[in-house]
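These notes concern the structure reproduced below.
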Amino acid sequence: MQKKIAVLGAGAIGSSIGADLTKAGHDVTIIDQWPAHVEAMKAAGLRVLMKDEALQIPVRAMHLCDLASANLAFDMVFLASKSNDHRWMAEFIRPHLKSDGVLVGTQNGMNDDSIASIIGRERTVGCVVELQAELFTPGLIQRNTTRTGTWFAVGELDGFYTPRVKEIEAMMRNVGKCDVTNNIYGAKWTKLIANTMTMGPFGLLGLRNFESAALPGMFDVSVKLGKESLAVGAALGYRIEPLFGLRADEFAGSSDENLVTTMKTLMDHVGGGRTAPIHDHIKGRVSEMEYIPGVVAQKGRELGIPTPCNDAVVEIDRMINSGRLRMDSSNFELLKQKIGMSA
């Protein structure tokens, strides 16, 4: 019997995943909280624009409020909301996940233990996501990474290689490249490091990724952010590992060299787009920075490890969220001032 799949959270990432799984013939229901987007999907399906393809596909879409009366139970849920929403969305979907079902957290951040506390560790699988896309118009996704440029890693929280992670791997190969890892916590922290180096400072500026990366001094700022994140992860016992399809021999240098390799590889994937916090600020929403550099800052305080660069990114992001500061390229000078790098 074909498994019933839910994609919970139909932002740019969830919509891209939902469209490709639907195209591959899976029984997919896409569930979201943005009424206009859901209505557009119901009326005309999803249109996903990529560099090498324009995909227009009918999808089954549903409002959050419709699920209670839909009498649906899912074998697999891909949770693709922002990290800010992971706990209430996990609570929301829990009654609709079969007792032997699985929830895959296709999010940035380190949310798996939090999700597992709600869903159960036996029903939670971790996932690292590298898929860059944008959503501003209901029903229309601008996907900036093609399928060959998209990458996932999935893994059981206990590190075992199980039939279900092999099944998830096969499914996700319809969306992009996918590996199975026995070090999902380390893989997710490695992606978090890369995000603190790029998403962190870039998300304050409003520029496209390649424009932010080209600013004088940005490379040095990114490396400082990465070193802090690496130090905190090491203290937590996480082992960083090659991501984005990198081979072990491409990741065999010093810690600093591996940080740079990871960051540059990520930039090769997402250079033309704008990072997720920029989308949030444009739309007037609170960004998920608290779950990325904010996690480094929080864990650093708990461990007694100074994280002044990540602290500064979080502080400026909070100022933007509260309306005390405008997202603007001039914030890079403010960031450099706060971390003592301003001329």
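From a predicted model like this one, the values you see are computed outputs, not experimental measurements. Throughout, residue positions are numbered sequentially from 1 according to the sequence presented.
Residues Glu288 and Asn108 are in side-chain contact: their nearest non-hydrogen atoms beyond the backbone lie under 4.5 Å apart. A heavy-atom distance below 4.5 Å is found between the side chains of Ile13 and Val129. When side chains are defined from C-beta on, Phe152 counts as touching Leu131, because their heavy atoms get closer than 4.5 Å.
Applying the side-chain hydrogen bond (donor to acceptor under 3.5 Å, both in side chains) test to residues at least two apart or on different chains, the pairs with a partner in residues 58-73 are Asp27-Arg60, Thr29-Arg60, Glu39-His63.
Although no hydrogens or angles enter the test, the distance criterion places a donor-acceptor pair under 3.5 Å between the side chain of Ser222 and the main chain of Met197. Formation of a donor-acceptor pair under 3.5 Å by the His96 side chain with backbone atoms of Ala73 is not found in this model. Panel note: side chain Asn111, backbone Ser114; no donor-acceptor pair is recorded below 3.5 Å. For Thr196 (side chain) and Ile193 (main-chain N/O), a donor-acceptor pair under 3.5 Å exists by modelled atom type. Remark: side-chain polar atoms of Glu211 are paired, donor with acceptor, to backbone N or O of Arg208 under 3.5 angstrom. Counting only distance, with no hydrogens or angles, the side chain of Asn182 and the backbone of Gly159 share no donor-acceptor pair below 3.5 Å. Side chain of Gln107 to backbone of Asp112: no donor-acceptor contact under 3.5 angstrom is found. Listed for the Glu228 side chain is no donor-acceptor partner under 3.5 Å among the backbone atoms of Val296. Side-chain atoms of Thr181 never come within 3.5 Å of backbone atoms of Gly155 as a donor-acceptor pair (strictly under, hydrogens ignored).
Between the CZ atom in Arg94 and the CD1 atom in Ile119 there is a gap of 7.0 Å [rounded to 0.5 Å]. Between Met41 atom CE and Met62 atom CE the span is 11.0 Å, to the nearest 0.5 Å. The distance from atom CD of Gln33 to atom CH2 of Trp88, rounded to the nearest 0.5 Å, is 4.5 Å. Atom CG of Asp75 and atom CZ of Arg164 lie 12.0 Å apart (nearest 0.5 Å).
For Lys51, the salt bridge (charged side-chain N to carboxylate O under 4.0 Å, His left out) criterion is met by no residue, not counting sequence neighbours. Among residues two or more places apart in sequence or in another chain, the ring-ring contact (aromatic ring centres under 6.0 Å, His included) test is passed with His281 by none.
The environment of Lys224 atom NZ is sparse: at most 12 non-hydrogen atoms of other residues, nucleotides or ligands sit within 6.0 angstrom. Other residues, nucleotides and ligands place more than 12 heavy atoms under 6.0 Å from the CZ atom of Arg121. With a 6.0 Å radius and a threshold of 12 heavy atoms from other residues, nucleotides or ligands, Lys42 has its NZ atom above the threshold.
Checked for salt-bridge contact, Arg143 and Glu134 miss the test: no charged N lies under 4.0 Å from a carboxylate O. Between Lys177 and Glu130 there is no salt bridge, since none of the side-chain N atoms of the basic residue sits less than 4.0 Å from a carboxylate O of the acidic one. Residues Asp100 and Lys98 are not paired through a salt bridge, judged by the lack of any N-O separation under 4.0 Å between the basic side chain and the carboxylate. Electrostatic pairing of Arg87 and Glu91 does not count as a salt bridge here, judged by no charged N lying under 4.0 Å from a carboxylate O.
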Can Val221 and Lys336 be said to form a side-chain contact (heavy atoms from CB on, under 4.5 Å), step by step? CA-CA 8 Å; Val221 170; Lys336 288 193 290 185; 4.2 Å; yes
